[in-house]
Amino acid sequence: MAWRIEKRTLSGERAPWWVFPAALFFAVFVGALIFIGLGVNPLEAYAAMLKGSVGSFFHFSEVVVRAIPLILTGLAVAMAATMLLWNIGCEGQLVWGGICAAGTGLFLAPHLPPFLVIPVTIVAGAGGGALWALIPGLLKAFLNVNEILTSLLLNYIAIIFMEHLYFGPWRNPEGFGFPGTAQISDLARIPHFLGTRIHLGLVLALVLAALIYGGLRYTRWGYRVRAIGLNPRAAGYAGFSIRRQIVGVMLLSGALAGIAGMAEVSGIHFRLQQGLAVGYGYDGIIVAWLARLNPLAVPLAALLLGALIVGGEQLQSLLHLPASISMVLEAVLLFGLLLSETLARYRLVRRPDAPDRSAAKKETAP
Amino acid sequence: MIEDLAFIGQIAVKSSIAVLLATLGEIITERSGVLNLGVEGMMLAGALCGMAAGVVTGNPFAAAAAGALAGGLLALVHAFFAVTLKVNQVLSGLALTILGMGLTSFLGRPLIGVRPGVRLRAVPIPGLSDIPLIGDIFFQQSLLAYLAYLLVPLCWYLLYRTGAGLKIRAAGEDAAAVDAAGIDVFRIRYLCTFIGGIGAGLAGAYLSLSYTPGWKESMTGGQGWVAIAMVIFATWNPLRAVIGAFLFGFLTALQFYFQAVGMELIPAYILKMLPYVLTILVMVVVHAGPGRRFGGPAALGIPFSREG
């Protein structure tokens with residue numbers, strides 16, 4: 001009997017159950033090495049991270065608060081990636097969602113009937129994100145310009161514009177030089193739950209996750225998107241308008257990221273200020289791939305990343321390690337996922353004793 | 001007027017060097033068939049390590065070399081995942097960028113605000129720097145800028161006039177054929193990815209040692225991504241990389257010019273956006289331009305495996 005490594009023949013959508021645990025183990029292991037390198041006891045560090053993220057109801061509620069934008073950007077990335085589109089521009093779309101929400105809350109709210117303020121804010125946030133994603137979408141659909149680069153470069157432009165707004169024309173005149181807009185109207189603030197900072201964005205995010213799951217699985221539109229993702233050329237022959245789908249999916253993806261920005265402004269910051277663009281857009285990429293692009297798994301992946309971020313902040317306050325350690329761990333987690341997905345492509349099989357090669361050779365020899 | 005031109009020109013060149021170095025490196029990487037989107041992360045690693053080595057050793061050459069090496073080592077992580085494990089190269093590159101951003105933000109904390117140990121100051125080249133205008137613009141730069149000038153024709157020569165260059169380009173077009181010819185595709189791709197990392201690392205070191213001496217979190221400000229876009233604009237040709245990098249540098253220089261002159265002709269935030277807008281526009285031009293063959297390496301981003 002001998003063991004042999006063999007490539008799996010069927011590359012089905014289902015990965016073995018251990019792919020994700022293995023990735024997590026890899027990240028924890030590499031993270032431990034990093035902590036040891038820094039002269040920190042890894043057990044102590046992980047204990048601090050755990051305690052800081054799930055140690056109490058309050059801490060866990062903060063994890064959920066971080067998970068809200070991550071669910072939305074994760075859905076945005078996953079939605080686009082289902083059709084082989086890379087939306088790396090969620091950060092910029094999130095910023096535009098925030099700008100539009102803040103604009104609504106600051107200038108439009110006083111002129112609207114009160115019951116309309118929050119719906120209009122949500123629509124404005126989604127619209128801002130969608131329009132910003134329309135640029136890479138149109139460029140991809142009609143000129144085949146690489147959407148990875150265009151959507152990413154647009155992040156920088158969006159952030160510069162946002163900074164211009166809160167340092168310049170939208171700056172709070174009573175802010176004592178503090179860079180930020182005035183607080184948005186009370187009417188434009190979305191409701192909070194259970195006395196925590198968890199806000200309406202959570203409900204929106206979960207409903208949207210379910211809708212996108214259902215939409216992709218059970219509607220004609222979803223069938224087209226998945227077909228294009230599996231084989232664009234065949235889908236083209238089948239008469240699907242790929243251009244229209246690209247633009248549509250990018251619009252939706254941008255709208256999701258825009259809602260994330262809206263929820264951050266209307267649910268957390270209550271103004272436009274520094275701290276809106278803190279990388280949730282980029283984290284969305286990791287969330288989407290941890291969830292294997294499954295919209296229903298996105299909230300769980302977002303919770304994990306949220307815990308990582310909150311845990312990293314705890315490390316800063318308890319052990320005085322920079323909070324950006326969580327970013328390192330995120331990257332290691334993604335690498336770990338790539339590693340274990342590779343391993344999953346192979347399997348160990350037992351085969352009977354190898355036949356005598358010399359005998360085989362003799363037979364084939366003329 | 002001439003002084004203004006010399007001023008803008010000099011800063012334009014100065015602002016284009018990092019993008020140029022990173023673009024040249026990524027061209028070599030992509031020519032071999034590997035797409036590395038980790039340039040931004042590698043540049044940051046180069047900037048931090050270059051600056052740190054400068055503080056420790058006080059030697060500018062050691063500092064630049066440390067920066068280059070840091071970029072190269074990070075690139076090897078990508079090479080392992082992209083070439084050996086054959087994972088999705090876009091994801092691996094993005095992971096590398098996030099890793100580079102996280103690691104440098106984390107490890108660079110103590111270096112924020114520290115005075116750089118060495119600075120690569122402008123070294124006028126005797127004779128050449130006396131040429132009116134041209135001398136001011138091109139020959140009053142730092143040593144890394146001169147190195148970049150040299151690397152442009154060298155990279156072109158390597159790719160188009162040497163046997164090694166032929167193998168690199170072939171590996172990027174049809175890896176199976178290269179393999180059939182008895183040449184090690186994996187070695188070529190590893191080496192080219194490493195070279196690309198060296199380029200990005202040097203670019204970062206240029207930023208932290210010469211352009212804006214010192215360490216600041218995310219100090220590359222997207223220049224790594226600009227470089228990847230400029231590879232497309234250059235249609236993978238090192239000579240054309242000069243044009244893209246210079247355009248980027250020119251628009252960056254305009255900000256300084258308007259600031260120095262105190263003119264509010266164009267609002268500051270628009271000027272700040274321009275280099276990024278330009279980078280998007282040049283990509284559009286490449287794709288929409290009339291009659292241009294869009295010649296990326298055919299096997300770009302496609303892993304090679306013998307089993308087929």
Side-chain angles (χ1 to χ4, degrees), chain A residues 7 34 37-38 81 84 86 88 135-136 139-140 142-146 148-165 167-168 279 282-283 285-286 288-289 312 316 320-339 341-343 345, chain B residues 35 37 40-41 77-78 80-82 84-88 90-110 217 221-222 224-226 228-232 267-280 283-288 294 296 305 307:
Chain A
K7 202 164 183 176
I34 295 175
L38 292 165
L84 304 181
W86 291 91
I88 314 294
I135 303 171
L139 289 177
K140 171 75 178 181
F142 290 94
L143 295 170
N144 200 25
V145 181
N146 185 318
I148 302 176
L149 295 169
T150 48
S151 65
L152 190 119
L153 289 164
L154 284 166
N155 289 344
Y156 291 95
I157 299 175
I159 291 172
I160 292 170
F161 184 68
M162 170 179 73
E163 286 173 349
H164 163 68
L165 286 179
F167 275 112
Y282 300 104
D283 296 335
I285 302 163
I286 301 174
W289 288 91
Q316 176 150 353
H320 306 290
L321 292 170
S324 39
I325 185 75
S326 54
M327 202 167 173
V328 179
L329 292 177
E330 278 174 30
V332 175
L333 186 58
L334 188 49
F335 274 126
L337 189 72
L338 292 172
L339 191 66
E341 278 188 346
T342 311
L343 292 178
R345 269 191 269 148
Chain B
L35 174 70
L37 294 184
E40 182 83 1
V77 175
H78 180 68
F80 174 69
F81 277 87
T84 303
L85 297 185
K86 308 179 199 355
V87 305
N88 185 317
V90 173
L91 266 184
S92 166
L94 287 171
L96 193 68
T97 288
I98 298 173
L99 182 68
M101 283 164 66
L103 273 180
T104 54
S105 153
F106 181 70
L107 298 173
R109 190 55 63 92
E217 217 171 286
W225 294 102
V226 170
I228 300 171
M230 289 307 176
V231 171
I232 299 176
Y269 74 98
I270 300 272
L271 283 169
K272 245 171 120 182
M273 289 174 183
L274 277 183
Y276 304 105
V277 177
L278 164 100
T279 308
I280 293 172
M283 277 198 295
V284 173
V285 168
V286 171
H287 286 79
F294 184 61
S305 59
E307 312 128 66

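Just so we're on the same page: letters track the sequence lines, and every chain starts at 1.
Atom CH2 in A:Trp86 sits 4.5 Å away from atom CG in B:Asn88 (nearest 0.5 Å). Taking CE of B:Met273 as the start and CG of A:Leu154 as the end, the distance is 10.5 Å to the nearest 0.5 Å. Note that the CG atom of A:Leu139 and the CE atom of B:Met283 stand 8.0 Å from one another [nearest 0.5 Å]. The CG atom of B:Leu103 sits 8.0 Å away from the CD1 atom of A:Ile325 when rounded to the nearest 0.5 Å. Residue A:Ile148 holds its CD1 atom at 6.5 Å from CG of B:Leu35, rounded to the nearest 0.5 Å. Here the CZ-NE2 distance, from B:Arg109 to A:His320, works out to 13.0 Å after rounding to the nearest 0.5 Å.
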*asked:* Test side chain to side chain contact (heavy atoms under 4.5 Å, CB included) on A:Ile157 and B:Ile280; report intermediate values, then the result.
replied: CA-CA 11 Å; A:Ile157 299 175; B:Ile280 293 172; 4.1 Å; yes
*Could you check A:Tyr156 against B:Val226 for side chain to side chain contact (heavy atoms under 4.5 Å, CB included), going step by step and ending with a plain yes or no?*
CA-CA 11 Å; A:Tyr156 291 95; B:Val226 170; over 6 Å; no
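The minimum heavy-atom distance between A:Leu149 and B:Ile232, with the atom names listed, is CD1-CD1, 3.6 Å.
For A:Leu329, no part lies under 4.5 angstrom from a heavy atom of chain B. Heavy-atom distances place no part of A:Leu337 under 4.5 Å from chain B, backbone and side chain included. Only the side chain of B:Val77 comes within contact range of chain A, with at least one heavy atom under 4.5 Å from a heavy atom of that chain. For A:Thr150, the parts lying under 4.5 angstrom from a heavy atom of chain B are both the backbone and the side chain. The part of B:Phe81 that comes within reach of chain A is its side chain, from C-beta onward, which places non-hydrogen atoms under 4.5 angstrom from that chain. Only the side chain of A:Glu163 comes within contact range of chain B, with at least one heavy atom under 4.5 Å from a heavy atom of that chain. With a 4.5 Å cut-off on non-hydrogen atoms, A:Phe161 touches chain B through its backbone and its side chain both. With a 4.5 Å cut-off on non-hydrogen atoms, B:Leu274 does not touch chain A at all. For a residue to count as touching a neighbouring chain, one of its non-hydrogen atoms must lie under 4.5 Å from one of that chain's; by this rule A:Leu143 touches chain B with backbone and side chain alike.
Under the side chain to side chain donor-acceptor pair (under 3.5 Å) criterion, A:Ser324 pairs with B:Ser105, not counting sequence neighbours.
At a threshold of 4.5 Å between non-hydrogen side-chain atoms, the residues A:Met327 and B:Ile98 count as touching.
Top candidate by heavy-atom pairs under 4.5 Å with chain A, chosen from B:Leu91, B:Leu99, B:Thr279, is B:Leu91. Comparing A:Ser326, A:Ala323, A:Gly168, A:Pro322 by how many heavy-atom pairs each has under 4.5 Å with chain B, the most go to A:Pro322. Looking only at heavy-atom pairs under 4.5 Å with chain B, the residue among A:Ile135, A:Asn155, A:Ile286, A:Leu38 that has the most is A:Leu38. For the set A:Asp283, A:Ile160, A:Leu334, the count of heavy-atom pairs under 4.5 angstrom toward chain B peaks at A:Ile160.
Classification of the A:His164-B:Tyr269 ring pair by plane angle, with boundaries at 30° and 60°, yields parallel.
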